[in-house]
Every structure is written in C-alpha cells, then in structure tokens.
Asks: 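Okay, here's the structure, questions in a sec.
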Amino acid sequence: MTATLHQFERNFEDAPRAAAKTGRKPLISLKGVGLSFGSHEVLQDINVDIGEGEFVCVIGPSGCGKTTLLRILSGLIQASRGTVSYRGKAQTEPASDIAIVFQDYANALLPWRTASQNISLALEAAATPRAERKDRIAHLLEKVGLSKHADKYPSEMSGGMQQRLQIARCLAQNPSVILMDEPFGALDAMTRQKLQDEILAIVSESNVTAFFVTHDLEEAIYLADRVIALEPNPGRIAELIDVPLARPRNQLTTREEPEFLALRRKLFDFVLRYE
Amino acid sequence: MMRPINLLWLAASFLVTLALLALWQWIANHGYVSKVFLPGPDRAFAALTRDYSSGKLFTEVGQTVLRMALGWLVASAIGIGLGAAIGISPFARTWIAPTFEFIRPLPASAIAPVAIVFLGMTDNMILLLIAFGSVWPMLLTTIHGFSNVHPRLDEVARVLRLNRFERVYKIALPAAMPDILGGLRLGLTIALILAVVGEMITVQGGLGSRILLAARGFRAPDIFAGVIMLGLIGLATNVALTALERRLLRWQPAPAT
Ligand SMILES: Nc1ncnc2c1ncn2[C@@H]1O[C@H](COP(=O)(O)OP(=O)(O)OP(=O)(O)O)[C@@H](O)[C@H]1O
Ligand SMILES: [Mg+2]
C-alpha cells in the first residue's frame, strides 16, 4: 500500500515534465515542413513537436533558415510543404497569444510612443478597457525593471532597456508562446546574461512556451530544455538535443557543470563542421 | 544647455538684420540707386505705418493670408489623403504614382491660363492655382512617408492583429509624420508665392495686387512695404510650423549640436 502510494507520488511529480518531453499533447507541431523561395529550398522536412511550457532553442550556421523557421511558426509566412499546427489547428496567420521578440528592437518599437504607450499598443490591440490598462502597464514595466522610465521615448533608452520594453510589450499580449529571434544578439555580455535570467524567470513563472533562436551556443544550452541544431543547404534538423540541466539555472554554477561543458563541446563540434 | 545658445543665435540674427537695414539706408541715402526704384527703409516703413493706421494694411495682409491658408489647407487635405491612399497600396504606387511624375514638373503658372478659362478672374481661380502648386510636395512626401514604414512595424502590427484603421492611424501616419511635415512646410512656401502671383493676375485685392498697382504707379515705397509684409508672413508661418513640428516630433532624438 505504502509502496503504491510512493510510486503514485513519484509518477505525479514527473508527469508534467514527461508530458512536455514526450510531446503527448504538443502545443506546436511541425510535420514535414519545407519552404522554398522560388527554386531556392530554404527549409526541408522539418519534424518537431513542442510541448507546453517547453523552452526550445534553435542553433545553426548563418543562413540555415532559423529566422525563416521562426516566422513560419509565427504565422507571418506560410510553409510551402507540410503542416504547422498550433493547438491542433493549422497555423495560417499570427495568433493573438503568440508573441515575437524581434532582434532589432529599435525597429520593432514605435519611436513616437513612450515606454508606457508602447506597451499600451498591445493592450489596445487586445481591446483591453482603458481603465485596466494603466495598472497592467505599471505591472509590466515593473516586471522588466523599467518603472522609472515609463515616460521615456525609445530614443532615450539604452539597447538593453529597449529590448526589455519589447519583451514587456510581448508579455502584454498574455502570450502562451514567445518566439525570440536572437533577441540579445546586439547587447553586451553583462546585459545579455541579466536578460537571460529575466526571460527564464518570466517563462517559468507564467508557464510560457519559448522558441528561441540564437547564434550563441552557450546561451542555447543555458536556456533550453531542448536544442534544435539545424544544418544548412537546405535547412534541416541535424539533431535534437535534450538539455537535462537542473532548474533554476545559475550563470556561474550551471555553466560549470560537466553536463553543460559536454553539451557545449558537442554543439561546437557540430557548428565547426559548417564553418 | 540649449537656452543660451538659442539666445545667442537670436541676438546674432537680430544684429545681422539691423546691419542689413543700415546698409540699405546707406545705399538709398547716397543715391547709388535712383530714389524712384529704391526708397530707403525710412520711406518704406513710413508707407507701412500710413497703411497700418488707415487699416488698409490689415485688409490686404488678411486677404493674402486667407487665400494662402485656404489654398494650402485644400492642398494639404488632398495631398495627405491621396498620398496616404497611394503610399499604403503597392498597386497604386505602381500604377498611379508615375503619372504624377509627368504632371508634377508643370509649373503652376502654366496652369493659370487653364484655371482662368474655367473659373475666370476670381478668388476660386487663385485657390485652384495655390492648391495645384502646393499639393505636389505634400503628395510626394506623404507617399514617401507611408510607403517607407519599416517592414518590422508592419510585422508588429500583424502580430498584434491590428485592424486596417489602426494600422494606418497608429502606425503608418505617425511613422510618416516627419515626411508629411516637411511637405507641409514646402507647400506653405509655395502657397504664399502663388497667392501673390494669383493676386497679381486677378488684381482682386491682397498684397499681390498692391505690389502690382504700386509698381504701375511708380510708388516704390508701397512696393517695398508690401514685400516687407510678405517676408513677415513667411517668417511667421515658418515659426508656427516649426512650433507644430517640435510638438508633433518631440519623440525624435535631439540632433547633436
Ligand atoms: N524573403 C526571402 N526571399 C528569398 N530568400 C530568402 C528570403 N528570406 C530568407 N531567404 C533566404 O533563406 C535563407 C535562410 O534565411 P534565414 O534568415 O532564415 O537564415 P538564418 O538562419 O536566420 O540566418 P542568420 O543566422 O544569419 O540570421 C537564406 O539563404 C536567405 O537568403
Ligand atoms: Mg536570422
């Protein structure tokens, strides 16, 4: 009796993670996805299921189709072949609960709107009543550490602050999925690490599913539950790599773990093949 | 930080103006140019104060400013409205915009005879002339502004699922605003010029008629008085537009000085 109860408890604990991993009920599902621009085949036969709450990073040499893959997931562009489904339905246009953090935050923010007003845009789009907006905005600004800069225009903010603001606007969408295309690529190392931890905190807090494109192999390992390694010409999945590192992760200790170093080695070897 | 520099500039340009006036007076006094053609500033200002106290100046300035403003407003409405419609639609940009390249270089004075045939020597003729001449910069800058919205902003609009109206009103229009304001400014200058030209053609009152009539009667001080008023109108409208620009574009990073 006690043994069965114990067994039950263990199963119960493992259940959510296991569901995400095995993808029994995937949130996003790609089957045989391919895309060509004219005769140029950019993506070929992409098959992957992404579970709810999972953090997936995508790496691969430049031009292998990472951005294109992300844009297909977002519904901004359509695959030429195969199916992309989100919550079991074909993804044909951007969904209101899928947010994108663009790499070029300077272009993605509205320069004529202050920080508050930029966040407000997402709330206006969702037809949030005016009375509720103020509190939501204040809360979101606090979450990304911009409370003191509510009335600044993007041109008056640093790169890191602008990217935080873009993240806040994405969070204002109350997203189930956040797609990020090298969001920290243009930031310095310190800011980058801080934002990595902030994004991990946000994701684990609200059980958001994250799809994160990066050039930085260590960043991929540090953030991900699973890393998709794409090989180029045409872009296709070379390998799906599980990252069994414990959470919450820590910039110092996690990066020193043997498992981390082994994965790092593995990914470097993978990328070197295409240099 | 800005203030003292601005004041210095202001003081400097004031001094330059004074120096030029002094030079003008000096040339007139020494009779290097015949008094019939070049009155000194003293006589020009005397003409100004005379017309000011008789109320004639006020009427004439009012007429010219009203024509300029009306023509400019009509041109702005058409230029911004049509420009936005064309700028948003790639189809219109491909098929309609090239036509403008044919019509645009026509000097506004070339359509004056056409306008006279249809509307006679009337106020409406002047309005048409002003509107035709000043609509181009607004139309072209608005098209440019609307068609050059950064593609990323389009994507942001799509991801947030903004509707068509919101996309125009919240994204494209503010993004195009710097271009539009540039067009408005250019258009206003042209509107003033064409208001005067129109008044000279129709002789229906206003500073243009005044200058024309004064020239025919060899009343040089009256001509100069009219020209001074035109300069002041140009200056005042420019200051007003600059203030508007400052307000609407206060989000733009301050240019490094
Ligand atoms: N709109 C397009 N039309 C034609 N070709 C395109 C288009 N967009 C992307 N491509 C091509 O698709 C390929 C993949 O581009 P993509 O931007 O997805 O690569 P990436 O992996 O994101 O590269 P990077 O790491 O440099 O960002 C490239 O060869 C690119 O030239
Ligand atoms: Mg890319």
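Sequence lines set the chain letters: A, B, ... in the order given, protein chains first and strands last, and positions in each chain run from 1. The model shown is predicted, which means the values in this text are computed figures rather than measured ones.
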Asks: Please check if the number of heavy atoms outside A/K143 that lie under 6.0 Å from its NZ is greater than 12.
Replies: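 More than 12 heavy atoms, drawn from other residues, nucleotides or ligands, come within 6.0 Å of this atom.
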Asks: For A/H139, I'd like to know if atom NE2 has over 12 heavy atoms of other residues, nucleotides or ligands within 6.0 Å.
Replies: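 It does not: A/H139 NE2 has 12 such atoms or fewer within range.
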Asks: Please flag which part of A/S96 lies under 4.5 Å from any non-hydrogen atom of chain B: side chain, backbone, both or neither.
Replies: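 Interface part for A/S96: both.
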Asks: Quick check on A/A126 against chain B: is it the side chain, the backbone, both or neither that has a heavy atom closer than 4.5 Å?
Replies: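 For A/A126, there is no contact with chain B at all, as no heavy atom is under 4.5 Å.
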Asks: More than 12 heavy atoms of other residues, nucleotides or ligands under 6.0 Å from CD of A/E142: is that the case?
Replies: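 At most 12 heavy atoms, drawn from other residues, nucleotides or ligands, come within 6.0 Å of this atom.
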Asks: Taking all atoms of both residues into account, what is the closest heavy-atom pair of B/R158 and A/G75, and its distance?
Replies: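 In terms of heavy atoms, the two residues are closest at NH2-O, 3.7 Å.
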Asks: Under a 4.5 Å heavy-atom cut-off, does chain A meet the side chain of B/I171, its backbone, both or neither?
Replies: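 For B/I171, heavy atoms of backbone and side chain both lie under 4.5 Å from chain A.
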Asks: Sort out for me which of A/R113, A/E156, A/R71 touches chain B most, counting heavy-atom pairs under 4.5 Å.
Replies: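 The option with the most such pairs is A/R71.
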Asks: I need the minimum non-hydrogen distance between A/E124 and B/K170, along with the two atoms involved.
Replies: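 Heavy atoms only, the tightest pair is OE1-NZ, 2.8 Å.
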Asks: Nearest heavy-atom pair of A/A125 and B/L162: which atoms, and what distance?
Replies: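 Looking at all heavy atoms of both residues, the shortest contact is CB-CD2, 3.4 Å.
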Asks: Which atoms of B/A175 are under 4.5 Å from chain A, going by heavy atoms: the side chain, the backbone, both sets, or neither?
Replies: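 Both backbone and side chain.
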Asks: Restricting to non-hydrogen atoms, name the atom on B/V159 and the atom on A/P94 that form the minimum distance, rounded to 0.1 Å.
Replies: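 Scanning both residues, the minimum pair turns out to be CA-CB, 3.9 Å.
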Asks: Which one of B/R152, B/E155, B/H150 satisfies the side-chain hydrogen bond (donor to acceptor under 3.5 Å, both in side chains) criterion with A/N107?
Replies: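 When B/R152, B/E155, B/H150 are each tested with A/N107, the side-chain hydrogen bond (donor to acceptor under 3.5 Å, both in side chains) holds only for B/H150.
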Asks: Do A/L110 and B/W251 come close enough that some side-chain heavy atom pair is under 4.5 Å?
Replies: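 With C-beta onward as the side chain, the pair stays apart.
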Asks: Just how far is it from atom CD of B/Q252 to atom CH2 of A/W112, taken to the nearest 0.5 Å?
Replies: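 One finds 11.0 Å between CD of B/Q252 and CH2 of A/W112.
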